[in-house]
Every structure is written in structure tokens, then in C-alpha cells.
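All of these numbers come straight from a predicted model, not from anything done at the bench. This chain uses plain numbering: 1 for the first residue, then up along the sequence.
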Amino acid sequence: MTSNTRVVVIGAGLAGVRLARRLGELGLPAVLIGEEEHTPYNRVLLAEVLAGRYAPDVIALPAPAELVRARVTGIDRDQRQVHCSDGSVIAYDTLVLATGSNAKLPPLRGLFTADHMLPEGVHAFRTMDDCLGLSKAVRPNARAVVIGGGLLGVSAARALAARGAQVVLAQQAERLMERQLDPSASKLVLRHLKDLGVEVHTECRVRDVRCVGGAVRSVELADGYALDADLVVLTCGVHPRVGLAQDAGLAVHKGVIVDDELRTSDPHIRAIGDCAQHAGTVYGLATPALEQAEALAELLATGEGAARYTGTRALTRLTLASGTPLDLAAFGEPTPQPGDDVIQLADATRGTYRKVVVRNDRVVGGVLVGELGTVGALARAWEGAEPLPETGPLLHLLTNDGGS
């Protein structure tokens with residue numbers, strides 16, 4: 001691309017900030033548009049802010065040179081312009097959508113007020129404003145109900161417990177973090193939360209949010225059991241923010257559809273991060289978003305064909321340091337198929353668990369909880385997809401850090 005190409009990036013999260021900064025380093029400055037009033041920040045660490053371990057400025061991202069704070073309301077593809085709510089218009093040669101994702105709000109009775117707002121005491125947990133509002137509301141011994149037991153729900157429950165709240169976590173699935181962890185690892189996470197004083201209900205469906213005078217008072221489960229609540233935290237997953245793309249007529253399925261050059265159905269518009277769908281996959285994780293940003297920066301700065309994004313073998317890692325540490329990692333296929341070899345090590349006293357699934361002499365997945373010294377060696381064996389050494393027991397994988 002020529003040096004006078006104007007790149008505009010919508011979205012100041014991890015992906016957008018990384019792309020804008022990398023483009024600047026490569027001599028192709030970009031205009032970054034972010035709608036939040038806060039300095040760009042690392043969303044992955046919001047739970048540590050809620051727990052009181054970090055101040056908000058600690059998780060700030062290094063902002064690129066040209067950051068515009070505005071809410072984009074529309075894209076004019078014919079004129080190659082972005083329209084903002086304040087009336088401003090920003091022209092582009094290449095537009096990049098890094099709009100991220102929104103919190104899913106479950107279809108519960110009583111969840112919204114007459115003016116379609118969340119009642120007092122009910123909080124999503126996705127943005128810095130969500131985090132700060134929740135942090136301000138939580139009090140020692142406040143009764144907090146967390147709805148959703150995935151990665152974010154576990155993080156939020158843990159953070160609220162660290163702040164002295166009486167926390168109940170309601171999970172519809174049969175176990176915690178069922179998308180990432182196998183049953184044994186889920187049990188360790190459950191034990192960890194119970195040790196922190198968190199009451200956990202699995203296989204339960206929340207039916208109703210009860211309010212008095214516009215403020216939440218309880219959460220009712222499908223079996224009629226009621227959980228008293230001063231605070232309710234919604235951690236029911238996320239969905240890609242694709243509204244701008246849809247309104248502009250771009251191809252959208254689960255996310256904005258992109259090819260190996262991260263190009264949408266419009267050759268002048270690319271998409272990266274949580275809003276992008278590549279080869280049928282919407283990752284919704286930090287590592288793929290950053291890898292997409294790096295690949296696209298190389299493409300835009302050095303010319304077509306210079307780089308490709310061919311997918312990410314994503315490893316989910318959670319490290320929560322405040323209070324009692326919780327470290328876990330999961331990758332690939334932790335559930336074995338017939339004929340697979342499974343190596344497991346568990347130490348109930350130390351609360352550690354390690355499991356690797358091997359298929360045709362290749363590591364295809366694993367789960368680790370506590371003491372993650374081996375995760376580097378395991379991840380490299382998995383990412384490389386190479387046959388394991390013929391010499392040495394497979395157990396070596398779980399007991400040697402491989403130099404990580």
C-alpha cells in the first residue's frame with residue numbers, strides 16, 4: 001500500500017489498539033475510533049480491577065497516536081466514510097472493524113425496567129463502566145448472585161468474594177466452565193470457589209429477577225427456589241458486535257465473515273477480533289485477536305500477499321492472583337475419543353490436576369489446574385502437531401516444564 005493510504009479502525013479494544021500501534025510502527029499511521037470515554041484497556045484483567053488488586057490505570061493499553069472518541073453510527077461504503085453520532089464524518093481508504101462483542105443478556109422476567117434499562121443492582125460485566133459501577137455497588141456482606149458459570153462468571157464470583165460479598169453462582173450447565181474444562185478440572189474450580197465462600201448451584205435455570213421500587217431484591221430459579229440478592233451480575237457469554245456491518249450490507253453469519261487476508265465482502269473493509277468470523281470460527285479470545293491484528297498490520301503496511309491469517313490454535317488461560325491464586329489452562333480437545341491415550345496426574349492435597357490427550361502420537365488437547373509450569377512444553381507440543389519423541393514416557397510431558 002502507498003504511504004498516503006488512510007486506515008481507519010473502529011474499536012479501541014485489544015485488537016484495534018494492537019493493529020493501530022503496529023501500523024504506526026510500520027510507517028502507516030491509523031485513525032483509531034473508540035466509543036468509551038476511558039483510556040483503552042485490557043478487558044481480560046477487569047476481574048482483577050473488580051477484586052481490588054489493580055487500579056483501572058494499571059490495565060491501560062498504550063494508546064496509538066491518533067485516537068478519536070466517538071460512537072460510529074453508520075458506514076457509507078460508496079463514499080468510503082464513517083459517520084459518527086456527533087455529526088462528524090471520517091473518510092477512509094481502508095476500514096477495519098474491531099468492534100468486539102457485547103454481553104449477552106438472558107431473557108429473564110423482570111430483567112428490564114419500563115424504559116428498557118437494567119434495574120438498580122443488576123450489572124452486566126463486560127466494560128470498564130460495568131466494572132466500576134459494580135465495584136462501587138459491592139459492599140462487605142452484600143448478597144451477590146452471579147448468573148453464568150463460564151470463565152467470566154468464575155472470575156466475577158471470585159472477585160466479589162475477595163471484596164467480602166456473600167456470593168452465589170447460578171450455572172445452568174451441569175458443571176463450571178464446561179466449554180473449557182473436563183469434569184475433574186471443573187470439580188477443582190468448584191472446590192476453589194467453595195473455599196472462598198462462594199455458594200454454587202449447577203444445573204439450575206434462573207427464571208425471574210424480582211425487584212422492589214426499581215431495585216433488585218431476589219433471583220428466582222425454575223424450581224421456585226429464591227436467592228436473596230442486593231446485586232446480580234450477568235455473565236452469560238457474549239455475542240459479536242456486528243450491527244454496523246449488517247447495516248452496511250456486509251456478509252455476516254455468527255460474525256463478520258473474513259478471508260485469510262481478513263477482508264470482508266467489501267474489499268475496502270477488513271475485520272479482526274471478537275467481531276470477525278474466519279473459516280467458520282468466531283474465537284472470542286485475546287490471542288487470536290492479537291494474531292489477527294499482527295497479520296493485518298503486515299498486510300496493510302507491506303502489500304497484498306505479504307501475510308495470511310490461517311487460524312489460531314487457541315489456549316484458554318486464566319490466572320487470578322488476588323487472594324488465593326487460581327491458575328488454569330485448557331487447549332485443544334480435552335475429551336478423549338475411543339483409542340486415544342490419556343495421561344492424568346491429580347494431587348487433591350495441593351489442588352492440582354494435569355491431563356493430556358494423545359492421538360496417533362500427537363498431543364490433541366489438555367487441561368491443567370494449578371502449578372502451570374508444564375503448560376509451555378505442552379502447548380508447544382500441541383501447537384506443533386508433531387509426533388512425540390519415541391524415547392521417554394508420555395508422563396514426562398506432565399512433569400517437565402520443557403524450559404518454559
S.K.: Is the backbone N or O of Gly150 less than 3.5 Å from a side-chain atom of Arg179, with the two atoms forming a donor-acceptor pair by type?
M.R.: no
S.K.: Answer yes or no: is there a donor N or O on one side and an acceptor on the other, between the side chain of Gln292 and the main chain of Ile272, under 3.5 Å?
M.R.: no
S.K.: Nearest 0.5 angstrom please: Asp327 CG to Thr352 OG1, how far?
M.R.: 11.5 Å
S.K.: Which atom pairs, donor and acceptor, lie under 3.5 Å between side-chain atoms of residues 211-221 and protein residues at least two apart or in another chain?
M.R.:
unit_1: Glu220; atom_1: OE1; unit_2: Arg210; atom_2: NH2; d: 2.5
unit_1: Glu220; atom_1: OE2; unit_2: Arg207; atom_2: NE; d: 3.4
unit_1: Glu220; atom_1: OE2; unit_2: Arg207; atom_2: NH2; d: 2.2

S.K.: Could you work out, with salt bridge (charged side-chain N to carboxylate O under 4.0 Å, His left out) as the rule, every residue matching Arg241, not counting sequence neighbours?
M.R.: Glu35
S.K.: Of the options Arg205, His201, Glu178, which is the one that meets Gln171 in a side chain to side chain donor-acceptor pair (under 3.5 Å)?
M.R.: Glu178
S.K.: Checking side-chain contact (heavy atoms from CB on, under 4.5 Å) against Leu176, which of Leu151, Leu193, Leu188 comes through?
M.R.: Leu193
S.K.: Distance only, no hydrogens: is a donor on one side chain within 3.5 Å (strictly under) of an acceptor on the other, for His268 and Arg77?
M.R.: no
S.K.: Closest heavy-atom contact between Arg270 and Glu261?
M.R.: NH1-O, 2.7 Å
S.K.: Just wondering, do Thr99 and Cys275 contact through their side chains at under 4.5 Å, heavy atoms?
M.R.: yes
S.K.: Stepwise, does the side chain to side chain donor-acceptor pair (under 3.5 Å) test hold for Thr312 with Glu291?
M.R.: CA-CA 8 Å; Thr312 299; Glu291 290 186 3; 2.7 Å; yes
S.K.: Work out which heavy atom in Ala229 is nearest to a heavy atom in Val145; give both atom names and the distance.
M.R.: CB-CG2, 3.8 Å
S.K.: Only counting residues at least two apart or in another chain, list the ones meeting salt bridge (charged side-chain N to carboxylate O under 4.0 Å, His left out) with Glu333.
M.R.: Arg359
S.K.: Under 3.5 Å, side chain of Asp93 to main-chain N/O of Arg6, donor-acceptor pair present?
M.R.: yes
S.K.: Report yes or no: does Thr264 contribute a side-chain atom to a donor-acceptor pair with the main-chain N or O of Ile269 at less than 3.5 Å?
M.R.: yes
S.K.: List for me each residue that meets side chain to side chain contact (heavy atoms under 4.5 Å, CB included) alongside Thr281, sequence neighbours excluded, and say none if there are none.
M.R.: Tyr283
S.K.: Would you sort out whether Val357 and Asp341 count as a side chain to side chain contact (heavy atoms under 4.5 Å, CB included), showing the intermediate values?
M.R.: CA-CA 6 Å; Val357 179; Asp341 292 317; over 6 Å; no
S.K.: Do Leu95 and Arg80 have side chains that approach each other closer than 4.5 Å (heavy atoms only, starting at C-beta)?
M.R.: no
S.K.: Find the distance between OG1 (Thr94) and CZ (Arg263) and round it off to the nearest 0.5 Å.
M.R.: 9.0 Å
S.K.: Test of understanding: with side chain to side chain contact (heavy atoms under 4.5 Å, CB included), list the residues that count as partners of Thr310, not counting sequence neighbours.
M.R.: Asp260, Arg308
S.K.: Output all residues satisfying side chain to side chain contact (heavy atoms under 4.5 Å, CB included) with Cys84, sequence neighbours left out; order by chain, then residue number.
M.R.: Ala70, Val72, Val82, Asp86, Ser88, Ile90
S.K.: Work out which heavy atom in Leu50 is nearest to a heavy atom in Cys131; give both atom names and the distance.
M.R.: N-SG, 3.8 Å
S.K.: Identify the two heavy atoms, one from Val17 and one from Pro62, that lie closest to each other, and give their separation to 0.1 Å.
M.R.: CG1-O, 3.5 Å
S.K.: Report the C-alpha separation of Leu14 and Asn42 in whole Å, then their side-chain angles, then the decisive distance to 0.1 Å, and conclude whether the side chain to side chain contact (heavy atoms under 4.5 Å, CB included) test is met.
M.R.: CA-CA 6 Å; Leu14 276 173; Asn42 185 348; 3.7 Å; yes
S.K.: Tell me which donor-acceptor pairs under 3.5 Å the side chains of residues 21-32 have, and how far apart each pair is, sequence neighbours excluded?
M.R.:
unit_1: Arg22; atom_1: NE; unit_2: Glu294; atom_2: OE1; d: 2.9
unit_1: Arg22; atom_1: NH1; unit_2: Glu25; atom_2: OE1; d: 2.7

S.K.: With sequence neighbours excluded, what pairs up with His192 under the ring-ring contact (aromatic ring centres under 6.0 Å, His included) test?
M.R.: none
S.K.: What distance do Leu368 atom CG and Leu315 atom CG have between them, rounded to the nearest 0.5 Å?
M.R.: 8.5 Å
S.K.: For Asp182, enumerate each residue passing the salt bridge (charged side-chain N to carboxylate O under 4.0 Å, His left out) test, keeping only those at least two apart in sequence or located in another chain.
M.R.: Lys355
S.K.: Write out all pairs satisfying ring pair (Phe, Tyr, Trp, His ring centres under 6.0 Å) with one or both partners inside residues 330-376, taking only residues at least two apart or from two chains.
M.R.: Phe331-Trp382
S.K.: Would the distance check show the side chain of Thr113 and the main-chain N or O of Pro119 forming a donor-acceptor pair, the cut-off being under 3.5 Å?
M.R.: no
S.K.: How close do Cys236 and Ile147 get, counting heavy atoms only, and between which atoms?
M.R.: SG-O, 3.4 Å
S.K.: Is the shortest heavy-atom distance from the side chain of Leu250 to the side chain of Leu97 under 4.5 Å?
M.R.: yes
S.K.: If we count only N and O atoms by modelled type, under 3.5 Å, do the side chains of Arg126 and Ser101 hold a donor and an acceptor together?
M.R.: yes
S.K.: Specify whether His278 and Tyr309 have parallel, tilted or perpendicular ring planes, treating 30° as the upper limit for parallel and 60° as the lower limit for perpendicular.
M.R.: perpendicular
S.K.: Should the pair Asp228-Arg143 be classified as a salt bridge under the 4.0 Å nitrogen-to-oxygen rule?
M.R.: yes
S.K.: Should Val8 and Ile33 count as side-chain neighbours, where that means a heavy-atom distance under 4.5 Å?
M.R.: yes
S.K.: Do Asp129 and His38 have side chains that get closer than 4.5 Å, going by heavy atoms?
M.R.: yes
S.K.: With sequence neighbours excluded, tell me which residues meet ring-ring contact (aromatic ring centres under 6.0 Å, His included) with Tyr41.
M.R.: none
S.K.: For the NZ atom of Lys194 and the CG atom of Leu196, what is their distance to the nearest 0.5 Å?
M.R.: 12.5 Å
S.K.: So does Phe112 have more than 12 non-hydrogen atoms from other groups sitting under 6.0 Å from CZ?
M.R.: yes
S.K.: Is there a donor-acceptor contact under 3.5 Å from the side chain of Gln277 to the main chain of Lys254?
M.R.: yes
S.K.: Heavy atoms, side chains only, cut-off 4.5 Å: are Leu169 and Glu199 in contact?
M.R.: no
S.K.: Do Tyr92 and Val7 come within less than 4.5 Å of each other through their side chains, counting heavy atoms only?
M.R.: no
S.K.: With a 6.0 Å cut-off (strictly less than), is the heavy-atom count around CD of Gln81, excluding the residue itself, greater than 12?
M.R.: yes
S.K.: Going from CG on Leu227 to SG on Cys204, what distance comes out if it is rounded to the nearest 0.5 angstrom?
M.R.: 7.5 Å
S.K.: Is there a donor-acceptor pair under 3.5 Å between the side chain of Arg191 and the backbone N or O of Ala348?
M.R.: yes
S.K.: Do you know which two heavy atoms are closest between Leu111 and Pro106, and how far apart they sit?
M.R.: CD2-O, 3.1 Å
S.K.: Measure the CG-CZ distance between Asp340 and Arg362 for me, rounded to the nearest 0.5 Å.
M.R.: 13.0 Å
S.K.: Not counting sequence neighbours, which residues clear side chain to side chain contact (heavy atoms under 4.5 Å, CB included) with Pro56? List them please.
M.R.: Val49, Met128, Leu132
S.K.: Are the side chains of Val282 and His253 in touch, meaning some heavy atoms are under 4.5 Å apart?
M.R.: no
